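Here is the structure we will look at.
No experiment lies behind these values; they were computed from the predicted model shown.
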Amino acid sequence: MKITADVGRCVGAGQCVLTEPALFDQSEDDGTVIVLVDEPEGVLLDHAREAVRVCPSQAISLSG
C-alpha cells in the first residue's frame, strides 16, 4: 500500500504526526503533511490506516 498526501487539502492539524511520527512530519513553513515513508509495512501500515482515519481534512490516503 502507498500513502498519498494532498497538501492542498491539508489543514496542518498534525493528527497524522501524533498518530505515527515515523511515517509523517509537518512542514516548518505551513504545517502541511510530509510523508516520510510512502510504502509502510507491518505495524506501520496499521498506523497509516489509523492516520488516514483520523485526518480531519482527509488529505492522506492509502492505495494499492
*Would you mind listing every salt bridge (Lys or Arg N to Asp or Glu O under 4.0 Å) that reaches into residues 51-62, with sequence neighbours excluded?*
Glu50-Arg53

_Taking salt bridge (Lys or Arg N to Asp or Glu O under 4.0 Å) as the cut-off, I'd like each qualifying pair that reaches into residues 55-64, sequence neighbours left out, listed once._
none

Tell me every residue that passes side chain to side chain donor-acceptor pair (under 3.5 Å) with [X], counting only those two or more places apart in sequence or in another chain.
X: Glu20; answer: His47
X: Glu39; answer: none
X: Asp6; answer: none

*How would you list, by chain and number, every residue that makes a side chain to side chain contact (heavy atoms under 4.5 Å, CB included) with Asp30, sequence neighbours excluded?*
Ser27, Thr32

Closest non-hydrogen atom pair between [X] and [Y], with its separation:
X: Ala48; Y: Ile3; answer: CB-CD1, 4.0 Å
X: Phe24; Y: Ala51; answer: CE1-CB, 3.6 Å
X: Cys16; Y: Val33; answer: SG-CG2, 3.7 Å
X: Ala22; Y: Val37; answer: O-CG2, 3.7 Å

_Just to verify, what does Asp38 make a salt bridge (charged side-chain N to carboxylate O under 4.0 Å, His left out) with, not counting sequence neighbours?_
Lys2

*Would you please name every residue forming a salt bridge (charged side-chain N to carboxylate O under 4.0 Å, His left out) with Asp46, sequence neighbours left out?*
Arg49

*CD of Glu28 to CD1 of Ile34: how many Å apart, nearest 0.5 Å?*
8.0 Å

Hey, can you pull the donor-acceptor pairs under 3.5 Å for the side chains in residues 57-64, sequence neighbours left out?
unit_1: Ser57; atom_1: OG; unit_2: Arg9; atom_2: O; d: 3.2

